[in-house]
Amino acid sequence: MERQVVAVLFGGRSSEHSISSATAGGVLRAIDRDRFRVIPIGITRDGVFVLEADDPDRFALDAARLPEVTDNGTRILWPEGGQDRSLRVRRADGEVEELGSVDVVLPILHGVHGEDGTVQGFLDTLGIPYAGAGVIDSALCMDKHFMKVALEASGVPVAPWVTVRERSWRADPGAVRSDAAGLGMPLFVKPARAGSSVGVSKVHTIDELDEALRVAFAEDEKVLVEQGISGREVEVAILEGSDGVVRASLPGEIVLTTREFYDFEGKYLGGDGVEVVCPADVDAASTDRIRDMGVRAFEAVDGRGLARVDFFLTADGLVVNELNTMPGFTPISMFPKCWIASGMSYPELISELLDTALGRAA
């Protein structure tokens, strides 16, 4: 059987470049090579598309040296549109080489210029099928403000919040402090359009708000100040199967011991003070509620392909924290762990994503 050609797209211009590159390492190692021929396409931090080495070890997650895509002199030449799906590369010496016709793209980009609908729109314009979320759900979930608006409109509970623009903070910081204090303590301050807990701070007293806003504004001029919710942090992986059915995995749980919240180091660098447990130690009724609410949240944002839905499980019920339309696939990430606990292997998970995209385009 002739193998289908998959362009794996990773790296990118966002602050999550290294996490995307590490995810690529996991995918390159696990993808079914009997079914798929891989073309690894890296995007440098400057936005240059290069042909990368098909070498998972090159993109292994290492706390001492995070992986990244560097400019190796090659340039990817995308198809010219119409029915053309031919991918070419211009080598550093100027020679142009045919890479073959692409059947599907697997964009494993995190953050802006990748997880926000921009790359999805680019591929839609070229008429190239791609796995995962589409334009609308990517854009909605990239912006935490509009994600919360969409969820609230569908009756999905979210934490109370205020949205702060940098210009509003500069013009009237007293009003912003007053609005934030009205939410009660503690607070979480986070950039509206960043992920992987980049730029997120926990605020215990109002005196800490100014510094938290400074950190968040370094990532985005639009910031959310959220009421801190007391509850267990549970997550569920959502997958739209090749049969069109949306399924939820068994839930997992983020168990904090000495770490205050699930920050970048805890998520990706194996930092102390946090455990990723899947399946979570919850009863059958709670498991059903979490899975049902995960599917509801996915449908509220017109989800496609996949997402991870993060909750707080409180004494009063579930509160959705956020949706992530391209969750990490690193060895310690929750999304693959939840599906493995639910009976699906890592290679099967990748194949299901690709099969769903190919089926949609057929």
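Side-chain atoms are counted along with the backbone in the values below, which use heavy atoms only and exclude waters and symmetry mates.
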Engineer: Give a yes or no on whether the backbone of E16 and the side-chain of S14 come within a donor-acceptor separation of less than 3.5 Å.
Structural biologist: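 Side chain of S14 to backbone of E16: a pair is present.
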Engineer: In terms of side-chain geometry, is the basic nitrogen of E80 or R85 positioned less than 4.0 Å from the acidic oxygen of its partner?
Structural biologist: no
Engineer: Is the shortest distance from a Lys or Arg side-chain nitrogen in E299 or R296 to a carboxylate oxygen in the other one below 4.0 Å?
Structural biologist: no
Engineer: Considering only NZ, NE, NH1 and NH2 on the basic side and carboxylate oxygens on the acidic side, decide whether R165 and E221 come within less than 4.0 Å.
Structural biologist: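 Salt bridge present between R165 and E221.
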Engineer: Quick one: does S178's side chain have a donor or acceptor within less than 3.5 Å of a partner on G174's backbone?
Structural biologist: no
Engineer: Through direct or indirect side-chain contacts below 4.5 angstrom among Ile, Leu, Val, Met, Phe, Trp and Tyr, which residues connect to L77?
Structural biologist: V96
Engineer: In Å, rounded to the nearest 0.5 Å, how long is the span from CD1 of I340 to OG of S345?
Structural biologist: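 It is 7.5 Å, given to the nearest 0.5 Å.
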Engineer: By the salt bridge (Lys or Arg N to Asp or Glu O under 4.0 Å) test, which pairs, at least two apart or in different chains, include something from residues 347-357?
Structural biologist: R35-D355, R247-E352
Engineer: Kindly compute the distance separating NZ (K190) from NZ (K222), expressed to the nearest 0.5 Å.
Structural biologist: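 It is 14.0 Å, given to the nearest 0.5 Å.
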Engineer: Please identify each residue that fulfils ring pair (Phe, Tyr, Trp, His ring centres under 6.0 Å) with F311, with sequence neighbours left out.
Structural biologist: none
Engineer: The criterion is side-chain contact (heavy atoms from CB on, under 4.5 Å); which residues satisfy it with N72, sequence neighbours excluded?
Structural biologist: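 Scan of N72 (side-chain contact (heavy atoms from CB on, under 4.5 Å), adjacent residues dropped) gives V50, T74.
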Engineer: Are a donor atom and an acceptor atom from the side chains of R214 and S201 found within less than 3.5 Å of each other?
Structural biologist: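 No, S201 and R214 have no side-chain donor paired with an acceptor closer than 3.5 Å.
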Engineer: What's the shortest heavy-atom distance between A53 and L28, and which atoms?
Structural biologist: O-CD1, 4.4 Å
Engineer: If we only count heavy atoms from C-beta on, is the D116 to S138 side-chain gap below 4.5 Å?
Structural biologist: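 The answer is no; the side chains never approach within 4.5 Å.
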Engineer: Under the criterion side-chain contact (heavy atoms from CB on, under 4.5 Å), which of E115, R308, H110, M334 is the partner of P327?
Structural biologist: R308
Engineer: Between T23 and I19, is there a donor-acceptor pair closer than 3.5 Å when you use the side chain of the first and the backbone of the second?
Structural biologist: yes
Engineer: Pairing donors with acceptors under 3.5 angstrom, does anything connect the side chains of D316 and T314?
Structural biologist: no
Engineer: Return the minimal non-hydrogen interatomic distance between G231 and F312, and the atom names on each side.
Structural biologist: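 Here G231 and F312 meet closest at O-CD2, 4.3 Å.
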Engineer: Under a 3.5 Å distance rule, please check whether H113 uses its side chain to pair with a backbone N or O of R13 as donor and acceptor.
Structural biologist: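 Such a contact is absent between H113 side chain and R13 backbone.
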Engineer: Looking at S249 and W339, would you say the former's side chain and the latter's main chain have a donor-acceptor pair under 3.5 Å?
Structural biologist: no
Engineer: Minimum heavy-atom separation for S21 and G11, please, with both atom names.
Structural biologist: OG-CA, 3.9 Å
Engineer: Going by ring pair (Phe, Tyr, Trp, His ring centres under 6.0 Å), name the residues that satisfy it together with F298, two or more places apart in sequence or in a different chain.
Structural biologist: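 Partners of F298 under the ring pair (Phe, Tyr, Trp, His ring centres under 6.0 Å) test: none.
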Engineer: Evaluate the criterion salt bridge (charged side-chain N to carboxylate O under 4.0 Å, His left out) for residue pair E97 and R88; output intermediate values, then yes/no.
Structural biologist: CA-CA 6 Å; E97 177 184 333; R88 298 175 296 156; over 6 Å; no
Engineer: Can you list the residues that meet the side-chain hydrogen bond (donor to acceptor under 3.5 Å, both in side chains) rule with T163, with sequence neighbours excluded?
Structural biologist: H145, W161
Engineer: Could you give all pairs that pass the ring pair (Phe, Tyr, Trp, His ring centres under 6.0 Å) test and reach residues 68-96, with sequence neighbours left out?
Structural biologist: F49-W78, W78-F122
Engineer: Charged N to carboxylate O under 4.0 angstrom, R58 versus D54?
Structural biologist: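 Salt bridge: no.
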Engineer: Can you measure from CG (N324) to SG (C141) and round to the nearest 0.5 angstrom?
Structural biologist: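 Here the interatomic distance stands at 8.5 Å.
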Engineer: Considering non-hydrogen atoms only, spot the tightest contact between L318 and R289 and give its length.
Structural biologist: CD1-O, 3.6 Å
Engineer: Which residues pass the side-chain hydrogen bond (donor to acceptor under 3.5 Å, both in side chains) test with T356, not counting sequence neighbours?
Structural biologist: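 Counting only residues at least two positions away or on another chain, T356 forms no side-chain hydrogen bond (donor to acceptor under 3.5 Å, both in side chains).
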Engineer: Taking atom CD1 of I108 and atom CG of L9, what is their separation to the nearest 0.5 Å?
Structural biologist: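 Answer for the CD1-CG pair, I108 versus L9, is 8.0 Å.
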Engineer: To the nearest 0.5 angstrom, please state how far the CD1 atom of I76 sits from the CG atom of L99.
Structural biologist: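 If I round to the nearest 0.5 Å, the distance is 5.5 Å.
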Engineer: Taking atom CD of E235 and atom SG of C338, what is their separation to the nearest 0.5 Å?
Structural biologist: 7.0 Å
Engineer: Just wondering, more than 12 heavy atoms not from I136 lying within 6.0 Å of its CD1?
Structural biologist: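 Atom CD1 in I136 is not packed in, count stays at 12 or less.
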Engineer: For D210, what residues pass the side-chain hydrogen bond (donor to acceptor under 3.5 Å, both in side chains) criterion, not counting sequence neighbours?
Structural biologist: R177
Engineer: If you count every heavy atom of other residues, nucleotides or ligands that lies below 6.0 Å from D281 atom CG, does the total exceed 12?
Structural biologist: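 Result for CG/D281: open.
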Engineer: Could you tell me which non-hydrogen atom of S154 sits nearest to which non-hydrogen atom of A300, and how far apart they are?
Structural biologist: OG-CB, 3.5 Å
Engineer: Tell me who clusters with V223, hydrophobic residues only, linked when side chains sit under 4.5 Å apart either directly or through other members.
Structural biologist: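 Its cluster partners, ordered by chain and number, are V162, V164, W169, V176, L183, M185, L187, V189, V203, I206, L209, L213, F217, V225.
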Engineer: Would you say the side chain of F188 lies within less than 4.5 Å of the side chain of Q227, judging by non-hydrogen atoms?
Structural biologist: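 A side-chain contact is absent here, since even the closest heavy-atom pair is not under 4.5 Å.
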Engineer: Do T205 and D207 have a side chain donor and acceptor closer than 3.5 Å?
Structural biologist: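 No, no side-chain donor-acceptor contact under 3.5 Å.
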Engineer: Can you list everything that forms a side-chain contact (heavy atoms from CB on, under 4.5 Å) with R304? Sequence neighbours excluded, please.
Structural biologist: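 Testing R304 for side-chain contact (heavy atoms from CB on, under 4.5 Å), a comparison that skips the adjacent residues, returns Y130, D137, E240, R360.
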Engineer: Mind checking whether I229 and N321 have side chains closer than 4.5 Å, heavy atoms only?
Structural biologist: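 No, their side chains stay 4.5 Å or more apart.
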Engineer: Which residues pass the side-chain hydrogen bond (donor to acceptor under 3.5 Å, both in side chains) test with R291, sequence neighbours left out?
Structural biologist: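 Per chain and number, R291 pairs via side-chain hydrogen bond (donor to acceptor under 3.5 Å, both in side chains) with no residue.
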Engineer: Using 4.0 Å as the upper bound for N to carboxylate O, is an ion pair formed by K148 and E152?
Structural biologist: no
Engineer: Against L354, only a single residue in L106, L349, V105 fulfils side-chain contact (heavy atoms from CB on, under 4.5 Å); can you say which?
Structural biologist: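 The single option meeting the side-chain contact (heavy atoms from CB on, under 4.5 Å) with L354 is L106.
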Engineer: Of the non-hydrogen atoms in L323 and A297, which two are nearest, and what is the gap between them?
Structural biologist: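 Closest approach of L323 to A297: CD2-O, 3.7 Å.
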Engineer: I'd like to know if the side chain of D84 reaches the main chain of P79, judged simply by a donor and an acceptor atom lying under 3.5 Å from each other, with no hydrogens or angles considered.
Structural biologist: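 Absent.
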